[in-house]
Protein chains: 2
Amino acid sequence: MSEQRTHDMYPSMVVEDSQNVTRTIEPITIGRQLKAIRTANKLTLEEASKRTGLARSTLSKIENEQISPTFTVMQKLAHGLNIELPQLFTKPNNIRATGRRDITKIAQGRTHLTSTYEHELLATELSNKKMMPYKSRVHARSFDDFGEWVRHQGEEFMLVLEGEIQLLTEFYEPASLKTGDSVYYDATMGHLVVSTSETDALILWVTAD
Amino acid sequence: MSEQRTHDMYPSMVVEDSQNVTRTIEPITIGRQLKAIRTANKLTLEEASKRTGLARSTLSKIENEQISPTFTVMQKLAHGLNIELPQLFTKPNNIRATGRRDITKIAQGRTHLTSTYEHELLATELSNKKMMPYKSRVHARSFDDFGEWVRHQGEEFMLVLEGEIQLLTEFYEPASLKTGDSVYYDATMGHLVVSTSETDALILWVTAD
DNA sequence: AAAAAAAGTTTCCTATAGGAAACTTTTTTA
DNA sequence: TAAAAAAGTTTCCTATAGGAAACTTTTTTT
């Protein structure tokens, strides 16, 4: 059979540097994805064949992009390999379309109201990813700069990139963090960050629902 | 053609209330889902045909579960109807139980040394968290220091804290990242990091399954 | 380093997906 | 409410997916 590519479904990987220069790199294919999953589980085609009920040759052809599997086959793959179906054709970023909230709006809302944070969203080219990373310059100096607690769905990981901050929370004593320190918490609890160094602190945030 | 169902991906859900009244909620099939999407957009088969580039008859057969569409066709559907591909076979309201959990923990490292990386796990006191953050000192200088690809479930966000690195991946060209640069990718793809600066680089990793 | 075994690919065939057009059903209009 | 138009289904055919087995390549064993 002639060499052909039946499908190219992945968005490109986005690399983002500190000057906001983004580079876009090559996409992935369903065949590669399947092969990656299979080899990650250290399965041979024969073993994968037994688990999925599909012929060895069929798996080989899918992996080599010689055929486009039917939905029925995709289901057998997902079930047999014990993965969620979208993993077969989705970069991590496409998987969970449900339950995502738009953090941009939250961030902009805050900034607009009180000018407490300056948010820089990262990896914005990738939609529906499980985690949302962003850097924030912290202008706020006290609770009063906010007026009320910030809270939202999900969990949050935070690391201080520059300066020193205090993490004020609804249920805990204020926590002082220096450059390099990090913290992990439930974002449904009221929380906010204030700079305690002379210059505004810079922090990295990663949230997941 | 005889009446047949090519695929039933969800079992019927039975809801039972306190009076023992049971309601059966229909499973989602790709055909039902497609029809729902098409009609919600007030499109005829003819119009949907034009948008997707698929024959009217093909759409009809898919909607009536007479055939199992190939992945290529599913892509055309998603693209033509302007939806995310998983919408074709996913229930819109997948509820994910998120128990309110143990909250704030200031990260304090627990180190783990290998010849290639020196990992400092963060927030180790919190179990069941959605994200796993850790800092790594990168000793490795080339692929050969590893011998094989690293891969695992989930998505990964990475930010360079000190030095310069190259992110080597199975499917992309090597990506060079300097201090402050970040990248987000699918960790099922083979990947590894090597230092390219004189001193070993320090990076932050956050993964989520 | 040759032989054997295992893993992967290709061939060849059958089953089924997808398209063109005929046919049927539903909706609109006179 | 009959005729016309539009929407949807089925038929029939061609293109392609999927399986069995032959073949090739890679890895292991002696």
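So you know, we letter chains A, B, ... as the sequences are listed, proteins then strands, and number each from 1.
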Check your understanding: Any luck finding a side-chain donor-acceptor pair between B:Glu156 and B:Thr207 under 3.5 Å?
Key -> no
Exercise for review: Verify side-chain hydrogen bond (donor to acceptor under 3.5 Å, both in side chains) between B:Thr179 and B:Glu162, making sure each step is shown before the conclusion.
Suggested key: CA-CA 5 Å; B:Thr179 303; B:Glu162 295 173 22; over 6 Å; no
Practice item. Starting from C1' on D:dG19, measure out to CD1 on A:Ile62 and report it in whole angstrom. Key: 12 Å
Practice item. Look at the side-chain N and O atoms of B:Ser60 and state whether any lies under 4.0 Å from the OP1 or OP2 oxygen of D:dT9. Key: yes
Study note, to complete from the structure: When rounded to whole Å, the CD to P distance for the pair B:Glu46 and D:dT9 reads 14 Å
Exercise for review: Report yes if some heavy atom in the side chain of A:Arg51 is under 4.5 Å from a heavy atom in the side chain of A:Leu43; otherwise report no.
Suggested key: yes
Review point. Do A:Glu155 and A:Tyr184 get their side chains close enough for a donor-acceptor pair, meaning under 3.5 Å?
Key: yes
Check your understanding: For DNA chain D, whose closest nucleotide is more 5', that of B:Lys35 or that of A:Lys76?
Key -> B:Lys35
Practice item. Find the distance A:Met74:CE to D:dA17:P and express it as a whole number of Å. Key: 13 Å
Check your understanding: Do A:Phe89 and B:Phe71 have ring centres separated by under 6.0 Å?
Key -> yes
**Study point:** Spacing between A:Gln66 atom CD and C:dG8 atom C1', to the nearest angstrom
**Key:** 11 Å
Review point. With sugar-phosphate meaning primed atoms plus P, OP1 and OP2, does B:Thr70 contact a base, only sugar-phosphate, or nothing at under 4.0 Å between heavy atoms?
Key: sugar-phosphate
Review point. Which one, C:dT10, C:dA7, C:dG18, comes nearest to the side chain of A:Thr44?
Key: C:dA7
Check your understanding: Of the nucleotides D:dT9, C:dG18, D:dG18, which has the atom closest to the B:Ile67 side chain?
Key -> C:dG18
Check your understanding: Could you state the CG-P distance from A:Leu34 to C:dG8, rounded to the nearest angstrom?
Key -> 12 Å
Exercise for review: Please work out which of the three classes, parallel, tilted or perpendicular, describes the rings of A:His191 and A:Trp205, given edges at 30° and 60°.
Suggested key: perpendicular
Check your understanding: Is there a donor-acceptor pair closer than 3.5 Å between any side-chain N or O of B:Ser60 and the backbone N or O of B:Arg56?
Key -> no
Exercise for review: Please determine if A:Arg32 and A:Glu63 form a salt bridge, counting it only when a charged side-chain N lies under 4.0 Å from a carboxylate O.
Suggested key: no
Review point. Just by modelled atom types, is the B:Ile203 backbone N or O under 3.5 Å from a matching donor or acceptor in the B:Ser136 side chain?
Key: no
Check your understanding: According to the Watson-Crick and G-U wobble definition with distances under 3.5 Å, which dot-bracket string, read 5' to 3', encodes DNA chain D, using [ ] for crossing pairs and | for pairs with another strand?
Key -> ||||||||||||||||||||||||||||||
Point to revise | A:Arg38 side chain to A:Ala48 backbone, donor-acceptor under 3.5 Å | key: no
Review point. So, is B:Arg38 close to the D:dA7 phosphate, meaning a side-chain N or O under 4.0 Å from OP1 or OP2?
Key: no
**Study point:** Residue B:Ser68, side-chain heavy atoms: nucleotide from D:dT10, C:dG18, C:dA17 that is nearest
**Key:** C:dA17
**Study point:** Length of the line joining B:Lys50:NZ and C:dG19:P, which is rounded to integer Å
**Key:** 16 Å
Review point. When you check every protein heavy atom under 4.0 Å of nucleotides 20-27 of chain D, what one-letter string (B, S, -) results, 5' to 3'?
Key: BBB-----
Review point. Can you check the A:Phe71 CZ to D:dG18 C1' distance for me, whole Å?
Key: 18 Å
Revision key, fill the gap. Taken to the nearest whole Å, CD/B:Glu65 to P/C:dA17 is 11 Å
